[in-house]
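What follows is a short report on a single structure.
Only a predicted model underlies this, so the values are computations on that prediction, with no experimental measurement involved.
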Amino acid sequence: MATFSIQSQLDSATLPPAKMLIDGQWIEGALEPVRHVHPTTDEAIFDVPGGDAQAVGAAVGAARRAFDDGPWARMPGRERARYLRRIADAIREDADNLAALLSLDNATPAAFVGYYQMGAEYPADLFDSYAGWIDKITGETYPQWEADQPFVFTTHEPVGVVGLITPWNAPLGLMSQKVAPALAAGCTVVAKPSEMAPLTSLRLGELIAEADLPPGVFNLITGAGTDVGTALVSDRRVDKVSFTGSRAVGGQIASSMGARIGRVSLELGGKSPALVFADGDIGLAVAMAAGNAFLGLSGQVCVCQSRILVERPIYDDVVGQLVGFAAAASYGDPFDPTVTAAPMISVAHMNRVNGHISRAVKDGAAVAAGGAKRPAGAPDSGNFVSPTVLVDVDNSMAVAQEEIFGPVLCVIPFDSEDEGIRIANDTEYGLGAAVYTKDVSRAVRVGAALRAGNVGINTWTLQPHAPFGGVKQSGLGAENGRAGIMEYLDTKTTFIR
Ligand code: NAD
């Protein structure tokens, strides 16, 4: 199939400035810019400012001053809430532009930006929701322990300066999941978006700047993780780092923060299971699992349920339907409304995903659909991978244990509820699991037995008001809901005699 140019789509959006925001000023990067290469055509479409340690130092200094001496942390909640609501309104007004920037960021198909969690409504709702939390964070009072002992109460105070580091796959939503609660809590921020999808985050920075927050409250530095991310994590003036990304980088950040007793929250990868019982709605299970793995971001989703565990009597049926669903993926210009699937974010990542498929076959898996080859109907350029259904997979194989972050599903049969649960939990990760059954007792029993931060019963979703986080190697802490704002607050206990 002939290729096309993504350059022609640059007019469909207002590009943000190729600058970084420090202390209310937009400044150039000192290092060589990072080329933002679009994954559908491999064209460089934007120069991401190359932030360095000095820029990080300046941003952290500004955030420190804004926290220690500025009005933000001490501002009456009613007033701080107004800023967050202003940001929410600005995001909604910019929805079409943000949608186009998202497709330019990481090739999210325009057809999918209408999904709640992909578009502008979700981040706008996060800012609104956290504006509403500001006056609802209350402490506790305690009865006297003994006669003549002091009266005791607790209050919650902002953690301080926070470094927020995000990945490329859902850049606007994931940045908003951190910035909204951090600002609501009264923290000041240095944000570091992924250099691989900078546009929506820079635009969000512009919208926040236009909301006229006091200088230094919100700063944004772009550039390579090794230049900017490491400088941010190692700056002792940063009280907390909240990171979303890979387990490998999350581990490095946790070590570095741990060494200086810095606070850290981690939202990492997964190898999530979907358990499909014979009495479940098979069509729904297939649509949820394959929709996430093969369409939209093509499995480049942390909560992709990449292990489909199926009760044996319906195994062949489920495999057949997954294979059929793989054919629904179509490729090309993400702005074309008939395009349903995205390429891998980089050539290196495409090669990694294909390498996983090849290794699985060497390890004994059989390919029921796809395989390590370019999908039929894909344009000549771009990092497209075939939607792949693997059978004859043992859960101990690398393909069933390692996060692949691509359109690859392992389908594994089980014979009993206990065996299904055992296989589901046989992973180092614990992010998002799903159970498909019409038996309510079983749904609750199996859901309780799964070691995962989130369990969907006959569904899977992510919402602003409900906590989301991982257990085991999938992370520390949670985002969204009350749990999300508590990550940016410390507890103080006061004793009054
Ligand atoms: P990544 O870890 O490579 O990068 C994430 C961010 O960290 C980027 O901004 C990057 O520049 C920065 N970074 C890189 N090296 C750094 C260092 N040494 N110190 C500090 N910062 C550094 O991840 P990615 O490839 O951008 O994203 C994919 C990963 O993110 C997958 O593992 C996926 O599961 C995970 N993810 C998790 C969630 C969740 O909510 N649990 C959501 C989305 C993505």
Find the distance between CG (Leu207) and CG (Asp89) and round it off to the nearest 0.5 Å.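 One gets 11.0 Å once the value is rounded to the nearest 0.5 Å.
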
Exceeds 12 heavy-atom contacts within 6.0 angstrom, atom [atom1] of [X]:
X      : atom1 : result
Asp96  : CG    : no
Arg86  : CZ    : yes
Arg312 : CZ    : yes

Distance-only polar pair, side chains of [X] and [Y], donor-acceptor under 3.5 Å:
X      : Y      : result
Thr427 : Lys271 : no
His349 : Arg352 : yes
Gln117 : Thr461 : yes

Using atom types as modelled and distance alone, determine if a side-chain donor or acceptor of [X] lies under 3.5 Å from a backbone N or O of [Y].
X      : Y      : result
Thr222 : Lys19  : no
Lys192 : Gly223 : yes
Thr340 : Ser330 : yes
Gln300 : Ile345 : yes
Asn458 : Thr437 : yes
Ser386 : Gly370 : no
His38  : Phe46  : no
Tyr315 : Val411 : yes

What heavy-atom pair brings [X] and [Y] nearest, and what distance separates the two atoms?
X      : Y      : answer
Ala400 : Asp394 : CB-O, 3.8 Å
Phe294 : Val408 : CE2-N, 4.5 Å
Pro467 : Ala478 : CB-CB, 4.4 Å
Val113 : Ala99  : CG1-CB, 3.4 Å

Determine whether Asp125 and Arg92 satisfy the following criterion, salt bridge (charged side-chain N to carboxylate O under 4.0 Å, His left out), listing intermediate values before the conclusion. CA-CA 9 Å; Asp125 281 353; Arg92 278 196 193 92; 2.6 Å; yes

Just to verify, which of Pro167, Ser194, Pro123 counts as forming a side chain to side chain contact (heavy atoms under 4.5 Å, CB included) with Leu174? Pro167

I need the single residue from Asp47, Leu101, Leu220, Val48 that forms a side chain to side chain contact (heavy atoms under 4.5 Å, CB included) with Pro198. Which is it?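 Single side chain to side chain contact (heavy atoms under 4.5 Å, CB included) partner of Pro198 among Asp47, Leu101, Leu220, Val48: Val48.
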
Would Arg35 and Glu32 pass as an ion pair if we require N to O under 4.0 Å? no

Using the side-chain contact (heavy atoms from CB on, under 4.5 Å) criterion, which residues pair with Arg422? Sequence neighbours excluded. Glu419

Thr244 and side-chain hydrogen bond (donor to acceptor under 3.5 Å, both in side chains): which partner among Glu267, Lys178, Gln177? Lys178

Pairwise salt bridge (charged side-chain N to carboxylate O under 4.0 Å, His left out) hits with a residue in residues 427-439, at least two apart: Arg247-Glu428

Could you work out, with ring-ring contact (aromatic ring centres under 6.0 Å, His included) as the rule, every residue matching Phe325, not counting sequence neighbours? none

Tell me, with the steps shown, if Tyr436 and Glu311 meet side-chain hydrogen bond (donor to acceptor under 3.5 Å, both in side chains). CA-CA 10 Å; Tyr436 292 90; Glu311 207 168 8; over 6 Å; no

Can you find a heavy atom in the side chain of Ser201 that is under 4.5 Å from one in the side chain of Pro171? yes

